[in-house]
Amino acid sequence: MTQQGTLGVAVIGTGKMGADHVRRINEVISGARVAAVVDIDEARAKAVADTADGCQAFTDPAAAMAAPGVDAVLIASPGPAHEAALLSAFERDLPVLCEKPLTPDSASALRVLEAEQKLGHRRVQVGFMRRYDTEFMKLKALLAGGELGRPLLLHCRHRNASVHSYFTNEMMITDSVVHEMDQSRWLLEQEITAVTVLKPTPSSLSPEPLSDPQLVVFETTGGAIVNVEIFATCGFGYQVQAEAVCERGTARVGDAHGMLVNRPGTWGGEIAPDFVARFEEAYDREVQAWVNATRRGEIEGPSAWDGYAATAVSEAGVRAQATGERTAVEMIERPAFYS
């Protein structure tokens with residue numbers, strides 16, 4: 001780090017998410033600067049680098065990590081590229097904020113876990129940003145405090161206005177419901193043991209061959225049941241909601257009770273158009289927390305174990321989606337390293 005303690009960050013991937021993180025580090029948060037950006041598209045990398053003073057553009061992640069002034073790494077590239085980037089960061093003992101997924105499958109996630117444990121200390125924070133959303137943080141605190149008693153049920157809704165043409169049924173689990181997988185584990189402090197996927201008759205407006213919407217059910221180690229409505233092409237906006245049903249009460253977040261406007265013959269508010277708008281403040285809070293912890297020489301937030309667990313549950317969810325059967329989650333016992 002510089003004499004002023006500013007953290008030099010290499011951002012790997014300059015697509016929608018990566019470019020937004022570059023903007024966030026440059027313009028929103030404090031204590032960090034973008035020292036390097038990486039993309040296989042050299043022109044795109046240079047265009048993004050030009051938005052940050054003193055930022056270098058690379059096409060090779062390892063070269064960027066070795067560049068002068070790089071103290072930490074933010075990975076926002078496609079999931080299949082994450083393992084190689086993480087292992088390169090470990091070779092240099094660099095702290096990493098890795099967007100989900102940690103890796104696309106549990107076998108590669110296990111390799112990352114093993115490599116991090118060999119370092120003897122944590123180096124990875126996984127980008128499950130809902131843990132940094134104000135409403136979800138309040139719900140977490142309420143449940144942890146025990147005022148409402150033991151959580152029995154968790155009702156979740158996850159709706160997108162539309163998806164890309166390449167979006168598949170499997171991606172409804174691996175790209176969308178994966179957030180509810182981490183959210184449920186975090187809120188309930190329980191592991192997910194089994195997944196069932198139910199499919200109603202698809203909406204006539206959903207693109208073929210997408211079976212949309214779907215209802216995904218989790219069973220947990222503590223006996224709670226979680227149900228997730230995933231509606232990838234609802235058409236009207238982006239909504240994420242959760243309601244905990246406990247022994248002595250309920251609590252719900254995500255209703256977007258912002259400003260309500262009355263006009264002749266109508267009343268209402270706004271619905272976020274996408275996840276970037278809905279969770280913008282959560283992303284800001286997440287990256288700021290990572291920078292603050294890294295400058296203190298610490299790693300906080302969702303761990304590589306949380307990334308592995310979400311991937312293992314996703315694999316069970318994809319199998320359940322394909323077979324229509326209740327599917328057990330296959331995962332290793334949590335290492336003491338991540339306790």
Peer 1: If you draw a 6.0 Å radius around CD in Glu300, do more than 12 non-hydrogen atoms from other residues or ligands fall strictly inside?
Peer 2: yes
Peer 1: Relative to the ring of His158, is the ring of Tyr238 parallel (under 30°), tilted (30 to 60°) or perpendicular (over 60°)?
Peer 2: perpendicular
Peer 1: Closer than 3.5 angstrom, by distance alone: can the side chain of Arg295 be matched with the main-chain N or O of Gly5 as a donor-acceptor pair?
Peer 2: yes
Peer 1: Got Val126 and Asp306 here, is their nearest side-chain heavy-atom distance under 4.5 Å?
Peer 2: no
Peer 1: Under 3.5 Å, is there a donor-acceptor pair between the side chain of Arg159 and the main chain of Gln239?
Peer 2: no
Peer 1: Within the distance-only criterion (no hydrogens, no angle test), does the side chain of Glu315 pair as donor or acceptor with the backbone N or O of Ser106 below 3.5 angstrom?
Peer 2: yes
Peer 1: Can you tell me which residue among Leu198, Ile230, Thr196, Val226 is in a side-chain contact (heavy atoms from CB on, under 4.5 Å) with Val216?
Peer 2: Ile230
Peer 1: Is Met65 close to Leu94 at the side-chain level, that is, under 4.5 Å between some pair of heavy atoms?
Peer 2: yes
Peer 1: Kindly assign one of parallel, tilted or perpendicular to the pair Tyr166 and His164, based on the angle between their ring planes and the thresholds 30° and 60°.
Peer 2: parallel
Peer 1: Strictly below 4.0 Å, N to O, side chains only: are Glu286 and Arg131 in salt-bridge contact?
Peer 2: no
Peer 1: Using 4.0 Å as the upper bound for N to carboxylate O, is an ion pair formed by Asp182 and Arg185?
Peer 2: yes
Peer 1: Identify whether the distance between the nearest side-chain nitrogen and carboxylate oxygen of Asp133 and Arg278 falls below 4.0 Å.
Peer 2: yes
Peer 1: So which atom in Ala64 and which in Val70 form the shortest heavy-atom distance, rounded to 0.1 Å?
Peer 2: O-CG2, 3.3 Å
Peer 1: Do the side chains of Lys118 and Glu114 get close enough for a salt bridge, i.e. N-O under 4.0 angstrom?
Peer 2: no
Peer 1: Determine whether Asp20 and Lys16 satisfy the following criterion, salt bridge (charged side-chain N to carboxylate O under 4.0 Å, His left out), listing intermediate values before the conclusion.
Peer 2: CA-CA 6 Å; Asp20 194 50; Lys16 181 176 182 179; over 6 Å; no
Peer 1: Do Val22 and Val37 make a side-chain contact, defined as non-hydrogen atoms from C-beta onward lying under 4.5 Å apart?
Peer 2: yes
Peer 1: May I have the step-by-step check of side-chain contact (heavy atoms from CB on, under 4.5 Å) for Arg111 and Leu87, ending in yes or no?
Peer 2: CA-CA 9 Å; Arg111 292 193 292 269; Leu87 296 181; 5.9 Å; no
Peer 1: In the structure I gave you, are the side-chain heavy atoms of Leu187 and Pro151 within less than 4.5 Å of one another anywhere?
Peer 2: no
Peer 1: Does the side chain of Glu219 come within less than 4.5 Å of Ile225's, by heavy atoms?
Peer 2: yes
Peer 1: Between Glu243 and Arg157 (salt bridge meaning N to carboxylate O under 4.0 Å), is one present in this structure?
Peer 2: no
Peer 1: So, for Ala304 and Leu102, which heavy atoms are closest and what is the spacing to 0.1 Å?
Peer 2: O-CD2, 3.5 Å
Peer 1: Taking atom CD1 as the centre, does Ile40 end up with more than 12 heavy-atom neighbours from other residues, nucleotides or ligands that are less than 6.0 angstrom away?
Peer 2: no
Peer 1: Side-chain contact test, heavy atoms from C-beta onward, threshold under 4.5 Å: evaluate it for Thr168 versus Thr174 and give yes or no.
Peer 2: no
Peer 1: Grab the two heavy atoms, one from Glu135 and one from Gly254, that are nearest each other, plus how far apart they are.
Peer 2: OE1-N, 2.8 Å
Peer 1: Is the NZ atom of Lys199 crowded by more than 12 outside heavy atoms at less than 6.0 Å?
Peer 2: yes
Peer 1: Once you round to the nearest 0.5 Å, how far does CZ of Arg24 lie from CD of Gln288?
Peer 2: 11.0 Å
Peer 1: Just by distance, do the side chain of Arg23 and the backbone of Ala19 share a donor-acceptor pair under 3.5 Å?
Peer 2: no
Peer 1: Assigning hydrophobic clusters by single linkage (Ile, Leu, Val, Met, Phe, Trp, Tyr; side-chain heavy-atom cutoff under 4.5 Å), is Leu74 placed with Val38?
Peer 2: no
Peer 1: Whether the side chain of Thr193 engages the backbone of Glu191 through a donor-acceptor N/O pair (distance < 3.5 Å, no angle test) should be reported.
Peer 2: no
Peer 1: Could you walk me through whether Val48 and Asp39 satisfy the side-chain contact (heavy atoms from CB on, under 4.5 Å) test, starting with their C-alpha distance in whole Å, then the side-chain angles of each, then the deciding distance to 0.1 Å, before giving a yes or no?
Peer 2: CA-CA 10 Å; Val48 173; Asp39 202 288; over 6 Å; no
Peer 1: Taking only Lys NZ, Arg NE, NH1 and NH2, and the carboxylate oxygens of Asp or Glu, determine whether Asp50 and Lys46 approach each other closer than 4.0 Å.
Peer 2: no
Peer 1: Could you tell me how the ring of Phe136 sits relative to the ring of Phe279: parallel (under 30°), tilted (30 to 60°) or perpendicular (over 60°)?
Peer 2: tilted
Peer 1: Judged by atom type as modelled, is there a donor-acceptor pair below 3.5 Å linking the side chain of Arg130 to the main-chain atoms of Ala282?
Peer 2: no
Peer 1: With rounding to the nearest 0.5 Å, note down the distance linking CD in Glu180 to SG in Cys156.
Peer 2: 5.5 Å
Peer 1: Determine whether Phe167 and Met172 satisfy the following criterion, side-chain contact (heavy atoms from CB on, under 4.5 Å), listing intermediate values before the conclusion.
Peer 2: CA-CA 8 Å; Phe167 202 82; Met172 294 179 73; 3.5 Å; yes
Peer 1: For the OG atom of Ser30 and the CG atom of Leu7, what is their distance to the nearest 0.5 Å?
Peer 2: 11.0 Å
Peer 1: Following the transitive rule for hydrophobic clusters with a side-chain heavy-atom cut-off under 4.5 Å over Ile, Leu, Val, Met, Phe, Trp and Tyr, establish whether Val178 and Leu97 coincide in one cluster.
Peer 2: no
Peer 1: Going by the side-chain contact (heavy atoms from CB on, under 4.5 Å) test, name the single residue among Pro80, Cys98, Ser108 that passes it with Thr103.
Peer 2: Ser108
Peer 1: Same cluster for Phe90 and Ile12 if Ile/Leu/Val/Met/Phe/Trp/Tyr side chains link at under 4.5 Å?
Peer 2: yes
Peer 1: Taking atom CZ as the centre, does Arg263 end up with more than 12 heavy-atom neighbours from other residues, nucleotides or ligands that are less than 6.0 angstrom away?
Peer 2: no
Peer 1: So, the side chain of Asp71 versus the backbone of Gly8: is there a donor-acceptor pair under 3.5 Å, distance only?
Peer 2: yes
Peer 1: Do Arg123 and Glu116 sit within salt-bridge range, that is, some charged N less than 4.0 Å from a carboxylate O?
Peer 2: no
Peer 1: Mind checking whether Met137 and Trp290 sit in one hydrophobic cluster, side chains of I, L, V, M, F, W, Y counted as touching below 4.5 Å?
Peer 2: no
Peer 1: Taking atom types as modelled, find out whether Asn169 and Gln214 have a side-chain donor-acceptor pair closer than 3.5 angstrom.
Peer 2: yes
Peer 1: Has the side chain of Asp212 got a donor or acceptor atom that lies under 3.5 Å from a matching backbone atom of Thr233?
Peer 2: yes
Peer 1: Any donor and acceptor pair, going by atom type alone, linking the side chain of His155 with main-chain N or O of Asn227 inside 3.5 Å?
Peer 2: no
Peer 1: Counting only heavy atoms not in Glu42, do more than 12 fall under 6.0 Å of its CD?
Peer 2: no
Peer 1: Any heavy-atom pair between the side chains of Trp305 and Arg122 that's under 4.5 Å?
Peer 2: no
Peer 1: With a 6.0 Å cut-off (strictly less than), is the heavy-atom count around CD of Glu170, excluding the residue itself, greater than 12?
Peer 2: yes
Peer 1: Calculate, to the nearest 0.5 Å, the distance between atoms CG and CZ belonging to Asn292 and Arg285 respectively.
Peer 2: 12.5 Å
Peer 1: For residues Val177 and Val163: do they belong to one hydrophobic cluster (side chain heavy atoms under 4.5 Å, members Ile, Leu, Val, Met, Phe, Trp, Tyr)?
Peer 2: yes
Peer 1: Got a second to check how far Asn26's CG is from His21's NE2, nearest 0.5 Å?
Peer 2: 13.0 Å
Peer 1: Count the heavy atoms of every other residue, nucleotide or ligand shown that sit under 6.0 Å from CG of Asp93, and state whether that count exceeds 12.
Peer 2: yes
Peer 1: Would you check, one step at a time, whether the test side-chain contact (heavy atoms from CB on, under 4.5 Å) holds for Val287 with Val28?
Peer 2: CA-CA 10 Å; Val287 177; Val28 180; over 6 Å; no
Peer 1: Do Ile75 and Val73 come within less than 4.5 Å of each other through their side chains, counting heavy atoms only?
Peer 2: yes
Peer 1: As an exercise, state the distance from CD1 of Ile25 to SG of Cys55, rounded to the nearest 0.5 Å.
Peer 2: 9.5 Å
Peer 1: Could you tell me which non-hydrogen atom of Ser314 sits nearest to which non-hydrogen atom of Met181, and how far apart they are?
Peer 2: OG-SD, 3.3 Å
Peer 1: Please answer whether the main-chain N or O of Gly222 pairs with a side-chain N or O of Gln190 as donor and acceptor at a distance below 3.5 Å.
Peer 2: yes
